[in-house]
Amino acid sequence: MEGLKVWRLSSSIARPSNLRQLFGLGTSSGLVRCLDNGAAAANATNTRLPSRNRRASTSTSTSTNTSDREAVRAIRLKKVEQLRSKGTEPYGYKWDRSHSAKELQEIYKDLNNGEELDSESHHVSIAGRIVARRAFGKLAFLTLRDDSGTIQLYCEKERLLNDQFEQLKTLVDIGDILGASGSIKRTEKGELSVKVDSFSILTKSLLPLPDKFHGLTDIDKRYRQRYVDMIANPEVADIFRKRAKIMREIRKTVESRGFVEVETPVLQGAAGGAEARPFVTYHNSLGRDLYLRIATELHLKRMLVGGFEKVYEIGRIFRNEGISTRHNPEFTTIEMYEAYSDYQSMMDMAEEIVTQCALEVNGRLTIDYQGTEIQLQRPWRRETMHNLVKEVTGVDFTELEDDLKVAKDVVLKAVGLGLDSKDKSSIEACPSLGHLLNEVFEIFVEPKLLQPTFVLDYPIEISPLAKPHRRHAGLTERFELFICGRELANAFSELTDPLDQRARLEEQVRQHNKKRAEAVSVTDGTGEQKNIDEDSMYEVTLDDDFLTALEYGMPPASGMGLGIDRLVMLLTDSASIRDVIAFPVLKISQ
């Protein structure tokens, strides 16, 4: 907007007793008089703005407490009544737009300062939200923002019909959605503007927007009221536009390789495909419990049994577990399965998806994530879990005997110095060598994997759905992709032997039930339970139908799940998963 970018009010206007003047009721001028650059020199002494130290309320967006907010709402409700009494409906049905703000900025980018195009061919119509305004005398400037950007509305009293200029001053507030039509002008100060012939209030805003100077900075409120966050901080909406680009590019990449998108049930009779606590619901008509899916894996494999050879699903996953900067109970993944391939092909697919998305969103393969430069150029490092653990800790698990206690002693001797009690307890609680190897990896290696790294060949004890490694006993053909110390993808050469699969899943159920029983300790003599590990108290059921499907025969295949939310975090430099989910799950507001 030309001249002053922010509508600033003196502190005397900010007091609730003067709210009628602040919002344009019962005043001669309506809009607070502010200066255009062209008039600044002549009027500076009469319109001096408060200093930063003395600034109180600064625009109709300002409301620091509930009483002010309700006062603003009451005033705006009266404006709604006034509009209707004049025969104007403040909640319109439609507006025919000829251009977006961005299109106008592009079309008229070469228009000279002070030049005006008033012919019929340059008559335009736009619509959007008013995010700033200022007025003096018979001239008013409004900044209109639509989905594409901003443009200035240049409003002259003599150009508007009837009492529209007075309506503009007294009944239009920051936050209102307007439609406007007029010709094109670039002001002397270089601001491209629509010189308004007529306008219409399409939606009357009842609540004030956040303070222009401070924006919406309360993190909890930003997540809880994302719609306000996107109005106050336009860059937030850009993250979700980039997310849409990433989703589109993922589909484009996998479908270019012949994959078919399918849909599988969200409500399932057994929560399978991962080890996670599910959400449980009850189906009244069927009279049974159902689970929100914790993975799409087992139903996608059923599609392979049915004859599909390349399938994928982008879908929401639900896990009733903790919330952190990396975890939300509801998140989005892509899972894909390809017949007649092994996990090596999924490494190529992971590289292709991530690099194509990076190019689409950022235009380059060197990106910055939270101050760390990440190189996404292919090929990426591929290393076994055993070698990475040895590299970081000095412990070579291939040389350890099968004695679990001895192995734990060796590990604690090598890494125990400075180990916190929680990590030490996790190591001591490991039920097998495979679990021990994975625990050491997660504690010491995972945080160091900043550059893209495929970690290969996981222990069989923690990989119940992966094929046994064809060369190394006790391991599986499985990889996980890590970038910036976070798991981004997980893939296997899929287990297709139905008897082996049944045995592994039954063992997983036994191990879970054992852990579940151990999660509860009983106090001496009281009979009361304490120290309950809630994350272990859920029930695990065997998906017998999936095992039946495998007995009909599933072709050799590879499969991969990739976390879309974490990929969006990486490519938009977002610190928290809640920054890339439009409406994340939050605690109940107090």
Side-chain angles (χ1 to χ4, degrees), residues 274-275 324 326-327 343-344 346-347 350 372 374 379-493 495 504 507-508 510-512 514-515 518 533 535-536:
E275 188 171 0
S324 72
R326 301 187 187 188
H327 300 93
Y343 73 145
Q344 296 288 339
M346 284 298 163
M347 291 187 224
T372 299
I374 305 299
W380 297 343
R381 185 185 184 191
R382 304 182 182 191
E383 191 57 83
T384 67
M385 179 182 279
H386 277 83
N387 287 344
L388 287 168
V389 167
K390 181 180 178 181
E391 179 182 300
V392 172
T393 69
V395 179
D396 187 348
F397 270 76
T398 61
E399 296 180 353
L400 296 179
E401 302 294 332
D402 291 336
D403 190 318
L404 180 59
K405 185 179 184 307
V406 171
K408 289 178 181 179
D409 291 340
V410 170
V411 167
L412 290 173
K413 183 177 180 180
V415 301
L417 191 64
L419 195 65
D420 66 38
S421 59
K422 181 180 178 182
D423 289 337
K424 184 177 180 181
S425 296
S426 297
I427 289 173
E428 291 172 341
C430 288
S432 70
L433 279 175
H435 285 92
L436 180 62
L437 172 64
N438 184 64
E439 193 67 35
V440 173
F441 169 80
E442 289 185 352
I443 294 172
F444 297 101
V445 181
E446 189 173 312
K448 299 181 183 298
L449 300 178
L450 301 181
Q451 301 303 320
T453 304
F454 291 109
V455 180
L456 313 179
D457 304 344
Y458 279 59
I460 198 167
E461 298 95 323
I462 62 168
S463 310
L465 296 166
K467 232 180 179 59
H469 201 286
R470 65 195 85 179
R471 290 186 299 277
H472 303 294
L475 302 180
T476 59
E477 295 196 351
R478 172 187 176 187
F479 75 77
E480 287 185 328
L481 169 61
F482 289 86
I483 304 178
C484 288
R486 298 174 181 176
E487 176 199 343
L488 192 65
N490 185 20
F492 317 139
S493 295
L495 182 59
R504 290 209 221 167
E507 176 61 23
Q508 186 182 39
R510 278 194 295 271
Q511 289 292 336
H512 175 80
K514 180 181 178 183
K515 184 179 179 182
E518 292 172 348
D533 180 1
D535 285 339
S536 301

Inset, instruction - Report the distance from atom SG of Cys430 to atom CG of Leu404, rounding to the nearest 0.5 Å. - result: 7.5 Å
Inset, instruction - Check whether any side-chain heavy atom of His386 sits under 4.5 Å from a side-chain heavy atom of Asp457, and report yes or no. - result: no
Inset, instruction - With the side chain counted from C-beta on, respond yes when Leu433 and Asp402 share a heavy-atom pair under 4.5 Å apart, and no when they do not. - result: yes
Inset, instruction - Mind running side chain to side chain contact (heavy atoms under 4.5 Å, CB included) on Val440 and Val395 for me, showing each step along the way? - result: CA-CA 10 Å; Val440 173; Val395 179; 6.0 Å; no
Inset, instruction - Compare all side-chain heavy atoms of Val411 with those of Leu436 and state whether any distance is below 4.5 angstrom. - result: yes
Legend entry - CG-OG distance between Asn490 and Ser463, expressed to the nearest 0.5 angstrom: 7.5 Å
Inset, instruction - Can you sort out the partners of Thr393 under side chain to side chain donor-acceptor pair (under 3.5 Å), two or more places apart, ordered by chain and number? - result: none
Inset, instruction - Check step by step if side chain to side chain contact (heavy atoms under 4.5 Å, CB included) holds for Ile427 and Ile443. - result: CA-CA 10 Å; Ile427 289 173; Ile443 294 172; 4.1 Å; yes
Inset, instruction - Give, for atom NE2 of His469 and atom OG of Ser493, the distance between the pair rounded to the nearest 0.5 Å. - result: 8.5 Å
Inset, instruction - Evaluate the side-chain proximity of Thr476 to Ile460: yes if any heavy-atom separation is below 4.5 Å, no if none is. - result: yes
Legend entry - His327: partners by ring pair (Phe, Tyr, Trp, His ring centres under 6.0 Å), with sequence neighbours left out: none
Inset, instruction - Using a 4.5 Å cut-off on heavy atoms from C-beta on, say whether the side chain of Asp423 contacts that of Val415. - result: no
Legend entry - Presence of salt bridge, Asp409 and Lys413, under 4.0 angstrom: no
Legend entry - Close side-chain approach of Lys390 to Thr398, heavy-atom, < 4.5 Å: no
Inset, instruction - Sort and list the pairs that fulfil ring-ring contact (aromatic ring centres under 6.0 Å, His included) and have at least one residue in residues 408-446, not counting sequence neighbours. - result: Phe441-Phe482
Legend entry - Contact list for residues 439-455, test side-chain hydrogen bond (donor to acceptor under 3.5 Å, both in side chains), sequence neighbours left out: Asn438-Glu442
Inset, instruction - Rounded to the nearest 0.5 Å, what's the gap from CZ on Phe492 to CE on Met346? Could you check? - result: 11.5 Å
Legend entry - Ion pair Glu507/Arg510, N-O distance below 4.0 Å: yes
Inset, instruction - For residues Leu437 and Tyr458, determine if any side-chain heavy atom of one lies less than 4.5 Å from a side-chain heavy atom of the other. - result: no
Inset, instruction - Starting at CD1 of Ile483, measure out to CH2 of Trp380 and round the result to the nearest 0.5 Å. - result: 4.5 Å
Inset, instruction - With the side chain counted from C-beta on, respond yes when Leu456 and Met347 share a heavy-atom pair under 4.5 Å apart, and no when they do not. - result: yes
Inset, instruction - Mind checking the CD-CD spacing from Glu275 to Gln511? Nearest 0.5 Å is all I need. - result: 9.5 Å
Legend entry - Which residues share a side chain to side chain donor-acceptor pair (under 3.5 Å) with Arg381, sequence neighbours left out: Glu391
Legend entry - Closest heavy-atom pair and its distance - Leu495, Pro464: CD2-O, 3.8 Å
Inset, instruction - Using the side chain to side chain contact (heavy atoms under 4.5 Å, CB included) rule, take Met385 and Val445 through it: C-alpha gap first, then chi angles, then the decisive distance, then the call. - result: CA-CA 9 Å; Met385 179 182 279; Val445 181; over 6 Å; no
Inset, instruction - Return each pair, listed once, that meets salt bridge (Lys or Arg N to Asp or Glu O under 4.0 Å) where at least one residue sits in residues 460-471; pairs must be two or more places apart or across chains. - result: Asp342-Arg470, Arg470-Glu477
